[in-house]
Participant: 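Quick one: this structure, given as structure tokens, is what I'll be asking you about.
Computation of the quantities below employed the complete heavy-atom set of this structure, encompassing side-chain atoms and omitting hydrogens, waters and symmetry-equivalent molecules. The chains referred to below are lettered A, B, ... by the order of the sequence lines, with proteins before strands, and numbering in each begins at 1.
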Amino acid sequence: MRIIEHPIIEFKRGRKIHFYYNGKKLEAYEGETIAAALYANGIKILSKSLRKGRPRGFFCGIGKCSSCLMKVNGIPNVRTCITLIKEGDVVEDNDMVLPEKEYPECKFTKLNTDIAIVGGGPAGLSAAIEAADYANVLLIDENHRLGGQLIKQTHKFFGSKKEKAGTRGIEIAKELEDEVRKKNIKILLNTSVIGYYDRGYHFLVAVDKMNRTVYEIKAGKIIFATGAQENMLLFDGNDLPGVYGAGGVQTLMNVYGVKPGNVGLIVGAGNVGLILAYQLLQADVEVACIVEAMPKIGGYFVHAAKIRRCGVPIYTGHSIKKAYGNEHVEGAIIAKLDEKWNFIEGSEKDIKCDFICLAVGLSPTIRLIAQTGADILFINEAGGWVALHNEYMETTKPGIYVAGDLANIEEASTAMLEGKIAGLHAVIEFAKNDKTKIMEKIKEYMEDLEIFRQGYFGIRPKIAKEKIWRKYHEKMGNRRNS
Amino acid sequence: MKRWEIEGIVELKDLELPNEEQLRKGVAIIECVQEIPCNPCVDACPTNAISMENINALPKIDYEKCIGCGKCIEVCPGLAIFVVKVNEKALISLPYEFLPLPKEGQKVKALDREGKEICDAIVKKVKKGKTPVITIEVPPQYAMEARNIRIA
Ligand code: SF4
Ligand code: SF4
Ligand code: FES
């Protein structure tokens, strides 16, 4: 299951350690997550559904879906996909009951900061880098390392040189992290922000679960850059272990060097699905085919061409009807769709595969921003529910900002630009003499964004942004008038 | 709808191809037919043979300026550029990001844009780098078809 040699990534595994899974002693490497260690040991069922006890594997792989909850060292409901394995860890099936006390034996720590940034992906890191020149910055991320989803992007980025085109996502993550570490930024890793409270000032509660620490954070301004999560798709058998979010598979394979299986089926020929297919091939995993419901390929032609010339078929106008298998995926039935999106009878194909990746889009992770009272609206082009915001990324709740995929499903390159804008705008009042300089920089980043959103693939995000801005100004205008 | 939009396979009629003389000296064939925000190929070219109106426009190549150096192959994130040189035999340089890398002199299979085996090929050069570039030799009639290799 472990990838030893890879054309792009060099897996630097840590020390070999041991842990216990339901009483059995297993091997792992330091630096990998519990879920990755279990997967490498062939354990793919991590939890059971609460009512019917149906088996569950990981799905999102990035801490957002809770399908990997287990009990670790007596602590229940640990998201094993983002929690590092440690020597001697005792990993067990989760109890099916709620714990009695909310924070048993927890330390409470109070923090005070000018700017709190929630999320250390491309948007959050960029915001932190810009803001740190003018204010105290606290950066919080629930993963054990910074970089967000860049850390699994092994392909070279598009765009212009300024936005690091031609550089691989993993390298961009490294560059951003180095820059953040050079500045005076306080970083909390392994820490999830779980609540926002308006106490006349902005107040966050965050927990580092494994260290039983609760942080109470008073912040002058907050930038939320919580990213997005993989969409589910409705089909028979979609909860079988072996049905994974595309991003989860990328994390397992590209970050931890563990193969998801032998033969994969990918649903969705957008860029995520196309890139994932290529990455699977690079990890020496077979790709049976890609199915795409739309009549044409949604992602870049060049990504499609790369995998076509490796012999992977793309079936447009097709979708997955059913996944089958006993406690784990053993295959799938795909079929053609008519104009009304109904399956055409008799067009079914049986595809033998041992895992299925869903690459059917992302939705902004709005659970936290929704707690702030910022206005939220469903905007189809933005990928779902988003917080309304203005050109400076400030929401309808003053002092609360959004950036990146949370603010509209887009690219890492645009997330970085939005993060920079949010980071700079949030610190204007802290920067005594540099206000004009900051505004000039913001203007420059806005122009870069504008250029990015031209062209065919910029149409959707551009429409989304324009709607979000318009609705923001309508709301704020009404508020001012009343 | 064009075939490449549905199948991910570009047809020669969708490309602006070089003339025979240009092919004899060896030039870059840019199989990038869709407007995407991308331009590293423009920056990489030492002779300014590739131009673009704006970052979303299609790259345009001046085959007279192109010297077939292959610098653009390595930087193209779409792996969409190939250098083709046709004399008695055709030499094709292509990006190859898989392991193991072939060895110089090794016999491999040449694949077309659909991944189908079309002919035998001999590996003439392996240039390691961030994106390795492999140069293969195939019969001249496959110059515009062979776009990948399979190591048997
Ligand atoms: S092969 Fe060399 S000269 Fe020709 S377009 Fe590419 S970089 Fe320019
Ligand atoms: S670098 Fe490659 S993908 Fe980008 S515009 Fe040039 S040819 Fe197209
Ligand atoms: S939260 Fe761990 S797999 Fe989704």
Side-chain angles (χ1 to χ4, degrees), chain A residues 3-8 154-168 171 269 271 274-275 278-279 281-284 290 292 294-317 411 413-414 448 451-458, chain B residues 1-10 14 30-44 52-58 72 74-82 94-101 109-117 128 130-132 145-150:
Chain A
I3 303 167
I4 306 299
E5 246 197 338
H6 192 283
I8 308 294
T154 53
H155 63 285
K156 291 185 274 189
F157 270 52
F158 290 78
S160 69
K161 224 183 195 159
K162 214 160 142 198
E163 275 78 52
K164 306 184 193 289
T167 313
R168 298 182 195 279
E171 292 153 7
N271 273 339
L274 297 173
I275 291 170
Y278 188 67
Q279 293 174 342
L281 297 173
Q282 287 183 312
D284 202 20
I290 302 184
E292 167 58 56
M294 300 297 281
K296 62 177 193 179
I297 293 165
Y300 291 176
F301 156 75
V302 286
H303 285 314
K306 272 193 235 182
I307 57 167
R308 287 309 317 268
R309 60 176 181 260
C310 292
V312 176
I314 300 174
Y315 298 119
T316 46
E411 300 288 324
S413 324
T414 48
D448 291 346
I451 294 170
F452 226 94
R453 292 185 182 131
Q454 283 162 3
Y456 175 72
F457 284 92
Chain B
M1 253 189 290
K2 294 235 159 87
R3 180 173 176 214
W4 60 259
E5 293 180 83
I6 305 167
E7 293 181 39
I9 292 169
V10 73
D14 296 324
I30 304 183
E31 303 194 358
C32 180
V33 291
Q34 182 187 42
E35 295 192 357
I36 50 176
C38 185
N39 70 3
C41 54
V42 175
D43 289 335
M52 219 180 257
E53 265 161 50
N54 63 63
I55 190 171
N56 279 292
L58 296 182
C72 50
E74 282 172 77
V75 298
C76 169
L79 306 189
I81 307 181
F82 307 84
L94 47 88
Y96 189 76
E97 296 186 322
F98 296 96
L99 286 180
L101 285 178
K109 293 283 178 201
L111 312 181
D112 66 6
R113 294 182 183 82
E114 236 176 296
K116 288 209 185 96
E117 284 182 12
K128 290 183 190 157
K130 280 194 172 179
T131 291
E145 296 309 319
R147 289 297 177 266
N148 195 7
I149 56 166
R150 179 170 295 142

Participant: If every non-hydrogen atom of Trp4(B) is compared with every non-hydrogen atom of Ile297(A), which pair is closest and at what distance?
Facilitator: O-CD1, 4.2 Å
Participant: Provide the closest heavy-atom pair for Gly8(B) versus Ala304(A) in the form atom of the first, atom of the second, distance.
Facilitator: CA-CB, 4.1 Å
Participant: Rounded to the nearest 0.5 Å, how far does CG of Asn148(B) lie from CD1 of Ile307(A)?
Facilitator: 12.0 Å
Participant: Which one wins on heavy-atom pair count under 4.5 Å against chain B: Gly317(A), Gly299(A), Gly311(A), Gly298(A)?
Facilitator: Gly311(A)
Participant: Measuring heavy-atom distances to chain A, does Val42(B) have an atom under 4.5 Å in its side chain, in its backbone, in both, or in neither?
Facilitator: neither
Participant: Identify whether the distance between the nearest side-chain nitrogen and carboxylate oxygen of Glu31(B) and Arg308(A) falls below 4.0 Å.
Facilitator: no
Participant: Is Gln279(A) in contact with chain B via its backbone, its side chain, both, or neither, using a 4.5 Å heavy-atom distance?
Facilitator: neither
Participant: Which region of Ile6(B), side chain (C-beta onward) or backbone (N, CA, C, O), has a non-hydrogen atom less than 4.5 Å from a non-hydrogen atom of chain A, or is it both or neither?
Facilitator: both
Participant: Check whether Leu281(A) gets within reach of chain B through its side chain, its backbone, both or neither, counting any heavy atom under 4.5 Å.
Facilitator: both
Participant: How long is the gap from CG on Asp448(A) to CD1 on Ile55(B), to the nearest 0.5 Å?
Facilitator: 9.5 Å
Participant: Considering non-hydrogen atoms only, spot the tightest contact between Ala80(B) and Val302(A) and give its length.
Facilitator: CB-CG1, 3.6 Å
Participant: Roughly how far, to the nearest 0.5 Å, is CG of Asn271(A) from CD1 of Ile36(B)?
Facilitator: 8.5 Å
Participant: Given Leu79(B) and His155(A), is the side chain to side chain contact (heavy atoms under 4.5 Å, CB included) satisfied, shown in steps?
Facilitator: CA-CA 10 Å; Leu79(B) 306 189; His155(A) 63 285; over 6 Å; no
Participant: Which answer fits Arg453(A), side chain, backbone, both or neither, if we ask what part of it has an atom under 4.5 Å from a heavy atom of chain B?
Facilitator: neither
Participant: Measure Cys76(B) against the heavy atoms of chain A and call it side chain, backbone, both or neither at under 4.5 Å.
Facilitator: backbone
Participant: Find the distance between NZ (Lys2(B)) and NZ (Lys296(A)) and round it off to the nearest 0.5 Å.
Facilitator: 11.0 Å
Participant: Out of Pro132(B), Pro40(B), Pro37(B), which one racks up the most heavy-atom pairs below 4.5 Å with chain A?
Facilitator: Pro37(B)
Participant: With rounding to the nearest 0.5 Å, note down the distance linking OG1 in Thr316(A) to CD in Glu7(B).
Facilitator: 7.5 Å
Participant: So which atom in Gln454(A) and which in Asn56(B) form the shortest heavy-atom distance, rounded to 0.1 Å?
Facilitator: O-ND2, 2.9 Å
Participant: Considering only heavy atoms, which portion of Asn39(B) lies under 4.5 Å from any heavy atom of chain A: side chain, backbone, both, or neither?
Facilitator: both
Participant: For chain A, find which of Met1(B), Glu5(B), Glu35(B) contributes the most heavy-atom pairs closer than 4.5 angstrom.
Facilitator: Glu5(B)
Participant: Out of curiosity, Cys38(B) SG to Phe157(A) CZ, how far, rounded to the nearest 0.5 Å?
Facilitator: 12.0 Å
Participant: Could you tell me whether the side chain of Gln282(A) and the main chain of Glu97(B) form a donor-acceptor pair under 3.5 Å?
Facilitator: yes
Participant: Mind listing the closest non-hydrogen atom pair of Pro77(B) and Lys306(A) along with its distance?
Facilitator: O-NZ, 3.4 Å
Participant: Between Leu111(B) and chain A, with a heavy-atom cut-off of 4.5 Å, which part of the residue counts as in contact: side chain, backbone, both or neither?
Facilitator: side chain
Participant: Taking Ile149(B), Leu101(B), Asn54(B), Val10(B) one by one, which has the highest count of heavy-atom pairs under 4.5 Å against chain A?
Facilitator: Val10(B)
Participant: Which region of Gln34(B), side chain (C-beta onward) or backbone (N, CA, C, O), has a non-hydrogen atom less than 4.5 Å from a non-hydrogen atom of chain A, or is it both or neither?
Facilitator: side chain
